[in-house]
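Fair warning: this is a prediction, and the values are worked out from it, not measured in the lab. Start at 1 and go down the list; that is how both ligands and their atoms are numbered.
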Amino acid sequence: MVRAIVLLGVLATGMAAGMASAADLQVLHGFSVEYGEVGQNALKSMQPSLERQMEIVERSGVPPATLDFFRSIPVVMVKKLNTGFGRAGMKDGRQIVELVAARLPDDRPILLHELLHAYHGLKLGPTPMIRDSYQQAVQKGFYRQYAKAHFLENPREYFAVIGSIYLYGSKIDQPPFDCRLPAQYQPEFIAFLSEQFGPHPCQ
Ligand SMILES: [Zn+2]
């Protein structure tokens with residue numbers, strides 16, 4: 001009886017928080033995509049580029065449990081964002097990833113980057129290795145030519161950008177672009193990523 005009451009409470013909370021109704025939900029590549037804000041036509045027209053983003057995540061070589069975790073994060077399609085194509089954050093008590101319902105570039109790991117933010121927030125939490133490696137990156141001048149770059153803004157972006165370089169396996173569109181400088185100057189951080197996501201080529 002107690003359990004039933006708790007369950008009802010959870011359901012009621014979920015409804016009050018505006019969870020997507022089944023009609024506004026589509027499962028793609030095992031990801032739950034909520035498209036209520038943009039409508040089904042908007043989703044349909046950008047779906048190939050969304051699926052390409054999911055394929056990048058699937059090919060990232062993370063352990064199966066991590067891929068399951070990534071797929072557990074709702075992908076909420078929105079009309080626009082002031083942060084580019086994607087954003088990770090908490091909404092109505094849920095960790096979600098928002099993506100703009102527009103043609104997403106095929107050669108950028110946008111969804112992977114946002115899922116790494118979710119991983120950091122839910123799986124890792126405050127992590128001395130990330131904090132210290134970020135501070136080292138800023139203070140020691142390893143990336144002097146990229147001092148204003150996104151990945152040096154804060155530890156979150158540092159983890160998501162270096163992590164997406166590590167997992168994507170190709171050059172990304174923003175500094176430090178590839179594994180060369182992180183592998184040369186911050187091998188301890190690369191070893192940490194290897195512990196988290198398994199060994200990947202990174203030089
Ligand atoms: Zn980010």
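- Protein N/O/S atoms closer than 2.8 Å to the Zn ion (ligand 1), listed by chain and residue number, are H113 NE2, H117 NE2, E157 OE1, E157 OE2.
- K91 is linked by a side chain to side chain donor-acceptor pair (under 3.5 Å) to E98, counting only residues two or more places apart in sequence or in another chain.
- Between H113 and H150, the angle of the ring planes stays under 30°, which puts this pair in the parallel group of the 30/60° scheme.
- Salt-bridge check for R71 with E58: passed, with a basic side-chain N closer than 4.0 Å to an acidic carboxylate O.
- No hydrogens or angles considered: a donor-acceptor pair under 3.5 Å links the side chains of Q186 and Y143.
- Between D173 and R108 there is a salt bridge, with a side-chain nitrogen of the basic residue lying less than 4.0 Å from a carboxylate oxygen of the acidic one.
- Looking only at atom types and distance, the side chain of Y119 has a donor-acceptor partner in the side chain of Q196 under 3.5 Å away.
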